[in-house]
Chemist: 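This structure is in structure tokens; I'll ask about it shortly.
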Amino acid sequence: MQKLLSILCVGLFFSGVTTAQEFPTLGKIVRLDPAFDQIIPLQATIEVVASGFKWAEGPAWSKNEGCLFFSDTKQNKIYRWHPQDGLSIFLSPSGYTGRGEYSDEPGSNGLLINAKGELVACEHGDRRLTRMPMKTGGKYTLADRWEGKRFNSPNDVCEHSSGAYYFTDPPYGLAQKEKDPSREMDAFGVYRVDSSGKVTQIINNLKRPNGVALSPDEKTLYVAQSDDSEPYIMAYPLQNDGSVGKGRIFYDFTPLIKQGLKRAPDGIRTDASGNLYAAGGGGFLILNAQGKLLGRLEFKTATSNCSFGSDGYMYLTAENYICRVRVSVTAR
């Protein structure tokens, strides 16, 4: 695959010859509050650094390698993009290792680089959460079932400083989604797996849990619900034992969707100041810690998730594009 494929899309503009430092731009930046300028500089643009994917997801930046890893759930691959080396396939298959066709999204979805520098992946097809040392390879299963029942299709994950992981388990990776006969779980839950490997279901009453993130102080767990009838980002107080208290609606996407800024929330991230970044609502929303909308990154294509690089950029996955935008903030 070429580093940059030909891109034909409304809202995508080329300016001169593309070089290693110059990329085509996509979408627009909408500033709604003065605080937004402290997050995304006034001169920033949304750049396309790679394209040609079927459904890009789960971006995760590696400080050790200085590059981005991301999933293509439909192609069952994990890609690597390096600012100097460009694009390459890192892992294939990434989420389904069986025979024949599995579903339209068999690959890995959410990724993260954990505190040890390992690649942690939510695997749709193999229905598990794994970790893989970057130097030696070889996957280790972190969790693949709860109370003896296999997960549906782990979707997104975040890491707690204790070494525990929080992850969501909607039906999107199953061949027939919620109607798939292979389902073993009654709920589309949110789970915690601690450093000893103990798995706990902490939330069981969401219709479509998707993105998941922790506040910088680790006192709040955010969960995005990708359901058109209840398109909410929920906030749950985190208890000392790792469980959560009663949730509340942190941000409701309904007004934006009614304005034509489509899609319920998908992937979410937080920065070191407590701001929250959410795919959906016509692109990406940037909210402060109180849930106030500060601004938007507007796209004409569907968006899925984001990740902060150590190079001063936030990386964005938007359907078949990998984009980046200059930021003045750092990851949680």
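What you see below is based on every heavy atom in this structure, not just the backbone, and it leaves out hydrogens, waters and symmetry mates.
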Chemist: Run the ring-ring contact (aromatic ring centres under 6.0 Å, His included) test on Tyr236 and Tyr222 for me, step by step, so that the C-alpha distance in whole Å, both residues' side-chain angles and the decisive distance to 0.1 Å come before the verdict.
Modeler: CA-CA 6 Å; Tyr236 298 86; Tyr222 299 103; 9.4 Å; no

Chemist: I'd like to check Leu129 versus Asp144 (side-chain heavy atoms, cut-off strictly below 4.5 Å). Are they in contact?
Modeler: no

Chemist: Just grab all the salt bridge (charged side-chain N to carboxylate O under 4.0 Å, His left out) pairs involving residues 199-216, residues at least two apart or on different chains.
Modeler: Glu178-Arg208, Lys207-Glu230

Chemist: Would you compute the distance between atom CD of Gln38 and atom CD1 of Ile40 and round it to the nearest 0.5 angstrom?
Modeler: 12.0 Å

Chemist: Taking only residues two or more places apart in sequence or in another chain, which ones pass salt bridge (Lys or Arg N to Asp or Glu O under 4.0 Å) with Glu298?
Modeler: Lys28, Arg296

Chemist: Atom NE2 of His160 and atom CG of Leu221: how far apart are they, to the nearest 0.5 Å?
Modeler: 9.5 Å

Chemist: How many angstroms lie between CG in Asn210 and CD1 in Ile268, if you round to the nearest 0.5 Å?
Modeler: 8.5 Å

Chemist: Thr301 and Glu319: side chain to side chain donor-acceptor pair (under 3.5 Å), yes or no, with the steps?
Modeler: CA-CA 7 Å; Thr301 189; Glu319 201 161 357; 2.4 Å; yes

Chemist: Quick one about Asp271 and Tyr277 (side-chain donor to acceptor, distance below 3.5 Å, no hydrogens or angles considered), yes or no?
Modeler: yes

Chemist: In Å, rounded to the nearest 0.5 Å, how long is the span from CD of Gln75 to CD1 of Ile89?
Modeler: 7.5 Å

Chemist: Could you check Arg31 against Asp37 for salt bridge (charged side-chain N to carboxylate O under 4.0 Å, His left out), going step by step and ending with a plain yes or no?
Modeler: CA-CA 8 Å; Arg31 300 173 184 272; Asp37 299 341; 2.8 Å; yes

Chemist: Within a strict 4.5 Å, meaning less than it, do heavy atoms of the Asp169 and Phe188 side chains meet?
Modeler: no

Chemist: Can you tell me which residue pairs pass the salt bridge (charged side-chain N to carboxylate O under 4.0 Å, His left out) test with a partner in residues 217-228, sequence neighbours excluded?
Modeler: Glu218-Arg332

Chemist: Run the salt bridge (Lys or Arg N to Asp or Glu O under 4.0 Å) test against Arg269 and tell me which residues pass, sequence neighbours left out.
Modeler: Asp156

Chemist: I need the minimum non-hydrogen distance between Ile46 and Gly27, along with the two atoms involved.
Modeler: CD1-C, 4.4 Å

Chemist: Show me the donor-acceptor pairs, under 3.5 Å and distance only, between side chains in residues 104-115 and residues at least two apart or in other chains.
Modeler:
| residue | atom | partner | partner atom | Å |
| --- | --- | --- | --- | --- |
| Asp104 | OD1 | Lys177 | NZ | 3.0 |
| Ser108 | OG | Ser71 | OG | 2.8 |
| Ser108 | OG | Ser94 | OG | 3.2 |
| Asn109 | ND2 | His124 | NE2 | 3.3 |
| Asn114 | OD1 | Lys116 | N | 2.9 |
| Asn114 | OD1 | Gly117 | N | 3.0 |
| Asn114 | OD1 | Glu118 | N | 2.8 |
| Asn114 | ND2 | Glu118 | OE1 | 2.8 |
| Asn114 | ND2 | Tyr165 | OH | 3.1 |

Chemist: For residues Val120 and Leu142, determine if any side-chain heavy atom of one lies less than 4.5 Å from a side-chain heavy atom of the other.
Modeler: yes

Chemist: So do the side chains of Pro41 and Ser328 get within less than 4.5 Å of each other, counting heavy atoms only?
Modeler: yes

Chemist: Can you confirm whether more than 12 heavy atoms, excluding those of Lys74, are under 6.0 Å from its NZ atom?
Modeler: yes

Chemist: Check the side chains of Tyr232 and Gln225 for a donor-acceptor pair under 3.5 angstrom, ignoring hydrogens and angles.
Modeler: no

Chemist: In the structure I gave you, are the side-chain heavy atoms of Pro265 and Ile233 within less than 4.5 Å of one another anywhere?
Modeler: yes

Chemist: Under the salt bridge (charged side-chain N to carboxylate O under 4.0 Å, His left out) rule, what do Lys139 and Glu123 come out as? Steps first, then yes or no, please.
Modeler: CA-CA 11 Å; Lys139 293 181 180 180; Glu123 299 186 6; 2.8 Å; yes

Chemist: Are Tyr166 and Arg192 close enough that a side-chain donor and a side-chain acceptor fall under 3.5 Å?
Modeler: yes

Chemist: Do the side-chain N and O atoms of Asp266 and Ser304 include a donor-acceptor pair separated by under 3.5 angstrom?
Modeler: no

Chemist: Identify whether NZ of Lys or CZ of Arg in Arg127 sits under 6.0 Å from the centre of the six-membered ring of Phe151 and within 45° of that ring's axis.
Modeler: no

Chemist: So, do Leu294 and Ile39 sit near enough that their side-chain heavy atoms are less than 4.5 Å apart?
Modeler: yes

Chemist: Just list the side-chain donor-acceptor pairs under 3.5 Å for residues 306-314, sequence neighbours left out, or say none.
Modeler:
| residue | atom | partner | partner atom | Å |
| --- | --- | --- | --- | --- |
| Ser307 | OG | Trp61 | N | 3.3 |
| Ser310 | OG | Trp61 | NE1 | 2.7 |
| Asp311 | OD1 | Tyr313 | N | 3.3 |
| Asp311 | OD2 | Tyr315 | OH | 2.6 |
| Tyr313 | OH | Arg326 | NH2 | 2.9 |

Chemist: Measuring only between side-chain heavy atoms, which start at C-beta, is Leu174 closer than 4.5 Å to Arg183?
Modeler: yes

Chemist: Do Leu256 and Leu285 have side chains that get closer than 4.5 Å, going by heavy atoms?
Modeler: yes

Chemist: Can you check ring-ring contact (aromatic ring centres under 6.0 Å, His included) on Tyr79 and Phe70, steps first, answer last?
Modeler: CA-CA 5 Å; Tyr79 286 90; Phe70 62 93; 5.5 Å; yes

Chemist: Any chance you could measure Arg128, atom CZ, to Arg145, atom CZ, to the nearest 0.5 Å?
Modeler: 11.0 Å

Chemist: Please find the pair of heavy atoms, one from Ser51 and one from Val48, that lie closest to each other, and give the distance.
Modeler: CB-CG1, 4.5 Å

Chemist: Verify whether one side chain among Asn288 and Asn275 offers a donor that lies under 3.5 Å from an acceptor in the other.
Modeler: no

Chemist: Considering all heavy atoms of both residues, which atom of Trp55 and which atom of Glu57 are nearest to each other, and what is their separation?
Modeler: NE1-CG, 3.4 Å

Chemist: Hydrogens and angles aside, do Ser62 and Asn64 bring a side-chain donor and acceptor to less than 3.5 Å of each other?
Modeler: no

Chemist: Where is the tightest heavy-atom contact between Pro209 and Val223, given as atom of each residue plus distance?
Modeler: CB-CG1, 4.0 Å

Chemist: Give, for atom CG of Asn320 and atom CZ of Phe53, the distance between the pair rounded to the nearest 0.5 Å.
Modeler: 8.5 Å

Chemist: Applying ring-ring contact (aromatic ring centres under 6.0 Å, His included) to Phe69 and Phe90, what does each step give before you reach the verdict?
Modeler: CA-CA 8 Å; Phe69 295 91; Phe90 176 74; 4.8 Å; yes

